[in-house]
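Below is one structure; the comments refer to it alone.
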Amino acid sequence: MKTKLECKEVKVFYKDFQALHGIDMDIFENRVTALIGPSGCGKSTFLRTINRLNELIEGTRTEGEIYLDEKNIYSNEIDVVALRKKVGMVFQKPSVFPMSIYENIAYGPKIHGIKNKGKLDSIVEKSLVAANLWQEVKDRIHKPAAGLSGGQQQRLVIARVLAVEPEVILMDEPASALDPISTSKLEELIGELKKQYTIVIVTHNMQQAARVSDFTGFFLNGFLIEYSKTNDLFVNPHDKKTEDYITGRFG
Amino acid sequence: MKKNKLSEGLVEILLRISAGASVLAIIIITVFIFYKGIPLIAKVGIIDFLFNLKWVPTNGSFGIGAMVIGSLAVTFCSLVWSVPLGIMTAILMAEIAPPKLADVLARFVELLAGIPSVVYGFFGLIVIVPFIRNHLGGVGLSVLAGAIVLGIMILPTIINISRDAILAIPKEYKENSLALGATHYQSIFRVILPAASSGIITAIVLGLGRAIGETMAVLMVTGNAAVLPDSLLAPVRTMTSNIVLEMGYAAGDHQAALFATGTVLFIFIVILNLAVSISMKAGTENGN
Amino acid sequence: MATRGKEKIITVLFWLSALVITAILAGIIGYIVVKGISAINWEFISQPPSRAGKEGGISTTIIGTIYLTLVALLIAVPLGVGAALYLEEYGRKNTMFGYVLKLTAETLAGIPSIVYGLFGFVFFVIFLNMGWSILSGGLTLAIMILPTITRTSQEAVIAVPQEYRSNSFALGATKWYTIKRLILPAAAPGIITGIILSAGRAVGESAAVLLTAGSSLGMPLNITDPARTMAVHLYILAIEGISMERAFGTALLIIVLILIINYLANWSVRKVVRQ
């Protein structure tokens with residue numbers, strides 16, 4: 001089991017407010033790591049430090065180090081664009097661009113310089129297949145993506161991320177806007193994707209974390225309270241606060 | 001209690017009347033403009049009226065072709081420079097400039113919008129026309145002078161509507177695009193602007209409408225010769241100028257021909273506006 | 001990394017566009033201030049023009065402008081506010097009538113002022129036999145500014161919290177009482193902003209006013225008297241080359257007036273936001 005991401009003393013400040021207090025965490029390759037905790041606990045903020053998306057919000061400051069394959073992504077030599085190519089992200093609400101399914105998927109590859117039509121075609125197909133969406137949309141690939149259902153849109157967004165060929169995929173409550181059937185399809189997909197990718201998923205649904213993840217971290221008030229194998233954390237939590245949370249006593 | 005109910009009902013009727021006032025206004029406007037203009041168009045023939053280049057009202061020759069082309073030429077030339085400048089400014093204000101600076105720019109644009117057209121015309125006459133005459137040739141009163149003045153005047157329309165359209169794009173588009181490894185500019189040009197395109201087109205169309213309808217400023221700087229302009233430096237007369245210039249002394253068919261010019265303008269603008277508001281309605285119903 | 005270089009150039013272009021806009025504004029205002037300031041003195045403001053404007057001041061045109069603007073507002077404000085209340089408070093916005101009204105307002109807003117001028121001329125001046133007068137001009141201007149007043153009033157009324165209404169109705173107040181005592185006072189700053197902006201439009205209008213109020217230089221006393229506004233005066237002074245010095249002075253006064261109106265509008269917008 002290889003360490004893909006090594007986070008050291010990660011702190012995030014929004015102006016005067018400290019959102020994260022020195023997070024230390026190792027995330028392993030080809031595993032699914034779930035981040036759980038009540039809303040406002042810092043789990044999404046932590047997720048967004050991994051592709052440096054927090055920087056979009058004015059007044060945000062990040063301290064500490066995150067090593068991706070032993071390279072600090074917060075060092076000055078790092079190109080944020082290249083980092084985000086390597087670390088893809090799926091958001092809470094699927095946001096398909098107002099263009100065709102095909103153009104949505106081809107968006108990333110085109111940005112990164114692929115112009116060859118045949119190559120783009122094959123990337124689009126491969127990504128849609130990998131996201132378990134190909135069978136459903138192959139006949140209307142040039143139709144507007146907005147016509148897809150919510151669950152399909154979320155898988156489209158995942159396919160769009162896959163098309164960029166990332167190594168790590170961050171998912172920020174990807175199922176929160178989906179119905180139960182779409183959710184189970186998504187969870188199934190996550191199980192398949194981990195063979196190739198390293199996945200970090202934020203969820204407020206503990207059952208989901210238990211179902212899909214290999215490792216789970218529990219966040220509270222900006223602290224990482226407990227981090228271990230999912231099974232251990234749910235069956236045998238070490239910290240009283242973790243136990244309270246997973247048994248539903250607060251949050 | 002009863003009295004109360006009565007006055008409540010009265011108030012509602014009064015409010016309904018005030019709401020109906022604008023509908024009444026537009027009906028009367030349409031009726032009177034058409035009533036004064038249509039008979040002459042019918043007499044001359046619509047094709048002849050619109051496309052005949054000979055405007056000699058004292059001789060009974062009523063063709064506004066030169067003015068139609070004059071209006072289109074000045075409008076087109078004004079759009080050529082103000083559309084790119086306006087859209088770039090809108091993008092800057094919505095996406096690039098720090099919010100405080102964008103607010104300052106918005107105040108400037110507001111001021112530009114507030115300056116009356118006759119002041120623009122005056123400035124054009126005093127500064128732009130002599131500049132053209134001295135540095136580019138001709139008499140200065142020209143298509144070019146009109147295009148410069150008009151362009152300035154429609155900048156606020158283009159900037160404000162484009163900016164609103166860009167700001168209305170969900171910020172998730174940008175987040176997703178950046179998360180895919182696009183740069184800020186790639187996100188702007190490949191996702192945000194295409195998504196805002198219908199709003200930006202609306203901005204251009206409304207700017208065009210404003211330019212076609214503008215009167216005093218154009219009148220003051222274009223020289224108003226009722227012939228086809230053969231260059232950017234040639235004088236030109238627009239449909240709107242034609243009305244103001246001759247309304248003071250026109251009578252009979254001549255006056256009717258000016259109303260007919262107004263009718264053409266009116267129909268053109270109404271179609272333009274209806275097209276915009278209907279396409280915007282269709283846009284919102286498509287869930288965009 | 002070629003993209004990065006290109007993006008630097010684009011950034012420069014973007015900022016240049018803002019610079020051009022700023023330069024245009026500063027250029028126009030600065031030029032007119034510099035050239036006009038020497039023409040302005042108490043006599044210029046207080047004396048009537050003589051010899052067609054070649055000499056004397058512009059007092060009658062200032063009075064004409066204010067008179068005309070007030071008449072237009074007096075007609076348009078009750079109608080516009082009334083229409084807004086009817087649409088928003090009496091739930092008529094989503095009816096067919098509401099849609100027609102919205103389309104009407106949009107169309108009215110787009111009609112060029114010269115067409116309003118033609119209409120005002122044939123309808124008020126000739127058909128209703130009002131002649132070139134403050135009344136004809138005021139009515140024409142009123143129709144022109146009606147859409148702005150209606151729209152801004154609508155926005156102001158919508159912004160009033162829904163709880164005001166439910167609480168007032170729950171206390172047994174009638175609709176009109178609720179509107180009079182709660183909605184209108186709460187929406188007042190927004191409505192006033194719309195009125196100020198419309199006043200700006202009325203002050204600056206020239207084409208429509210020229211055709212409906214005439215260009216008489218006499219002092220307008222009655223509402224049936226013709227009048228020349230400052231904007232029309234500026235046009236005539238400049239286009240007929242009567243007096244450039246006085247044209248600059250008039251232009252400067254118009255700009256000052258517009259700046260004041262703009263400032264007032266912004267000040268009342270800020271008041272709305274603070275609410």
Side-chain angles (χ1 to χ4, degrees), chain B residues 4 7-8 11-12 14-16 18-19 21-23 25-26 28-29 32-33 36 85 88-89 91-92 96-97 105 107-112 114-119 121-123 125 127 152 155 183 185 209 212-216 220 240 243-244 247 259 262 265-266 269-270 272-274 277, chain C residues 3 7 10-11 13-15 17-18 20-22 24-25 28 31-32 78-79 82-83 85-87 90 100-101 103-108 110-115 118-119 122-123 143 146-147 150 174-176 200 203-207 210-211 231 234-235 238-239 247 251 254-255 258 261-262:
Chain B
N4 214 334
S7 67
E8 282 285 311
V11 164
E12 190 171 343
L14 281 176
L15 291 181
R16 184 180 305 167
S18 43
S22 59
V23 180
I26 203 149
I28 301 180
I29 290 173
F32 271 82
I33 297 282
K36 290 288 282 185
L85 182 64
M88 293 214 353
T89 309
I91 296 171
L92 179 86
I96 297 164
L105 276 173
R107 290 290 297 271
F108 289 173
V109 173
E110 220 172 85
L111 278 176
L112 273 182
I115 296 177
S117 62
V118 51
V119 173
F122 179 59
F123 181 77
L125 184 68
V127 177
I152 298 174
L155 271 172
T183 63
Y185 280 114
I212 285 266
E214 178 48 45
T215 313
M216 295 313 242
M220 292 169 84
T240 51
I243 297 171
V244 175
M247 203 62 204
F259 273 95
L265 258 174
F266 180 69
I269 296 284
V270 168
L272 215 61
N273 278 302
L274 283 182
S277 67
Chain C
T3 354
E7 296 197 346
I10 296 175
T11 308
L13 284 177
F14 273 127
W15 284 104
S17 66
V20 171
I21 304 272
T22 312
I24 290 172
L25 180 72
I28 293 175
Y31 187 79
I32 286 173
L79 290 178
L85 288 176
Y86 188 68
L87 287 174
Y90 288 77
V100 169
L101 221 63
L103 223 53
T104 306
E106 278 164 12
T107 311
L108 278 178
I111 294 178
S113 57
I114 183 69
V115 174
L118 278 178
F119 163 73
V122 64
F123 188 67
I143 301 175
L146 192 54
T150 308
T174 61
K175 196 155 209 158
W176 176 237
V203 166
E205 181 49 46
S206 41
L210 180 64
L211 292 181
L234 168 58
Y235 164 71
I239 203 90
I254 293 176
I255 291 229
I258 293 293
I261 285 171
N262 218 288

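Note that this is a predicted model, so its numbers are computed, not measured. All values below were derived from every heavy atom in this structure, side-chain atoms included, with hydrogens, water molecules and symmetry-related copies excluded. Chain letters run A, B, ... following the sequence lines, proteins first and then strands; every chain starts at 1.
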From CG (B:L85) to CD1 (C:I24), nearest 0.5 Å
6.5 Å
Separation of C:L25 CG from B:L111 CG (nearest 0.5 Å):
5.5 Å
Under 4.5 Å from a heavy atom of chain B, the part of [X] involved:
{"X": "C:F14", "result": "both"}
{"X": "C:L210", "result": "side chain"}
{"X": "C:I254", "result": "side chain"}
{"X": "C:L103", "result": "side chain"}
{"X": "C:P147", "result": "neither"}

Measure the shortest side-chain to side-chain distance between [X] and [Y] over non-hydrogen atoms and say whether it is less than 4.5 angstrom.
{"X": "C:E106", "Y": "B:N273", "result": "no"}
{"X": "B:I29", "Y": "C:F123", "result": "no"}
{"X": "B:V119", "Y": "C:Y235", "result": "no"}

Could you look at [X] and say if it's the side chain, the backbone, both or neither that has a heavy atom under 4.5 Å from chain C?
{"X": "B:L105", "answer": "side chain"}
{"X": "B:F108", "answer": "both"}
{"X": "B:T215", "answer": "side chain"}
{"X": "B:I28", "answer": "both"}
{"X": "B:M220", "answer": "both"}
{"X": "B:M88", "answer": "both"}

Is there a side-chain contact (heavy atoms from CB on, under 4.5 Å) between B:I243 and B:F259 once you walk through the steps?
CA-CA 8 Å; B:I243 297 171; B:F259 273 95; over 6 Å; no
Does the C:E205 side chain pair with the main chain of C:A207, one donor and one acceptor, at a distance under 3.5 Å?
yes
Check the angle between the aromatic planes of B:F123 and C:Y31 and answer parallel, tilted or perpendicular using the 30° and 60° thresholds.
perpendicular
Based on non-hydrogen pairs under 4.5 Å, which of [options] is most in contact with chain C?
{"options": "B:I269, B:L125, B:V244, B:T240", "result": "B:I269"}
{"options": "B:P116, B:A97, B:G209", "result": "B:P116"}
{"options": "B:L155, B:I33, B:V270, B:L14", "result": "B:I33"}

